[in-house]
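Values reported hereafter were calculated over all heavy atoms of this structure, with side chains retained and with hydrogens, waters and symmetry mates removed. Here is the naming used below: chain letters follow the sequence lines, and residue numbers restart at 1 for every chain.
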2 protein chains.
Amino acid sequence: MILVDDLHDAIAQILRGQGQRYTTSRRAVVDALNRADRPVTLPDILVQNPDLAQSSAYRNLAELVEAGVVRRIITSDEYSHFEIADHLTGEHHHHLICTVCGSVEDFTVPHELEELIDLASGEVARDQRWSVEHHRLDLVGRCATCA
Amino acid sequence: MILVDDLHDAIAQILRGQGQRYTTSRRAVVDALNRADRPVTLPDILVQNPDLAQSSAYRNLAELVEAGVVRRIITSDEYSHFEIADHLTGEHHHHLICTVCGSVEDFTVPHELEELIDLASGEVARDQRWSVEHHRLDLVGRCATCA
DNA sequence: ATTTATGCAAATCGTTTGCAAACCT
DNA sequence: AGGTTTGCAAACGATTTGCATAAAT
């Protein structure tokens, strides 16, 4: 995992480059995402920052997503999950999604499989005339607690 | 693609088995899903069935999802997309998702790749103690129109 | 000083639900 | 008749937004 200070520095620089400020609350949101070893929800973030207004948390997340440093994961009609973008952590990963409690956990697959997926992805993009930005591989089932 | 009559028969039987009726409006919803060559939204369904109440469409979809004959796809905070379940159409496929207009299109990958994914999936499930039901491979980007 | 971010409360919007009437068997 | 399904309108709940205040540069 990337060092926290480096992470903050990198994000600060990206935000500044877009004319935005890396405020205390934005830093707190990033810390909440970074502390967790899995994507977190808005309530998760607020529990760790009881003084942060809900609307500010949402606005911070929106800024960070817009700046490309945070990724939003929508898989149910409950809360979205948020995580630090892959290119900042340096580890490309995927998600296990629990159909019972809605929790999301990370996993990785061998590099060769990623390459095969990208290869197939390229063919599909060409055949169906899409411009594919990235792939997403989810495993849907029950987590250790809900199984 | 499966013959419509066979599809309706199969669904009717499944619903009856669960003590539910395969009513005219449910049949109409299934027809709307089956006519499209891609997952459709609630507005899509209502356009084809102007006399169907929105709440009934949602209730029908919920029943069909509950019975396992329809799959709901949530990928944005706009409308969900719905499609006939794989096991009824006999073709396992995945989705291209447009980040601009939100449309969803189907694609397939070679059988060997599916097997490699399932293999990796099995390992992950064992290592992280999840019970995995199925995998999901999405390609995120821009559709032919929005590219 | 001027711009940008925050907190609060109200609005949004896809989806769900209560209830009475219509439908099926 | 007895149970299910439908339509309408109201309720829900996660997220967004307007606006006045506070913070950052």
Thr41(A): side chain to side chain donor-acceptor pair (under 3.5 Å) partners, not counting sequence neighbours: Asp44(A)
Within residues 44-52 of chain A: residues closer than 4.0 Å to DNA chain D (heavy atoms): none
Under 4.0 angstrom between Ser56(A) side-chain N/O and dA5(C) OP1 or OP2: no
For DNA chain D, the residues among residues 12-28 of chain B that have a non-hydrogen atom under 4.0 Å from it: Gln20(B), Arg21(B), Thr23(B), Ser25(B), Arg26(B)
CD1-CZ distance between Ile74(B) and Arg72(B), expressed to the nearest 0.5 angstrom: 4.0 Å
For Asp118(A), all residues meeting side chain to side chain donor-acceptor pair (under 3.5 Å), sequence neighbours excluded: His135(A)
His93(A)-Glu105(A) side chain donor-acceptor pair, cut-off 3.5 Å: no
Which nucleotide in dT15(C), dT17(D), dG7(D) has an atom nearest any side-chain atom of Arg59(B): dG7(D)
Below 4.0 Å: OP1/OP2 of dT16(C) and any side-chain N or O of Tyr58(B): no
OP1 or OP2 of dT16(C) under 4.0 Å from side-chain N/O of Ser55(B): no
Touch class at under 4.0 angstrom, heavy-atom based, for Glu78(B) against every strand present: sugar-phosphate
Net bend of the helix from dA1(C)-dT25(D) to dT25(C)-dA1(D), end axes of five pairs each, nearest 10 degrees: 30°
Joint cluster assignment, Ile45(A) & Tyr22(A), ILVMFWY side-chain distance < 4.5 Å: yes
Listed partners of Asp9(A) passing side chain to side chain donor-acceptor pair (under 3.5 Å), at least two apart: none
Distance, rounded to the nearest Å, where Leu61(B) contributes CG and dT15(C) contributes C1': 11 Å
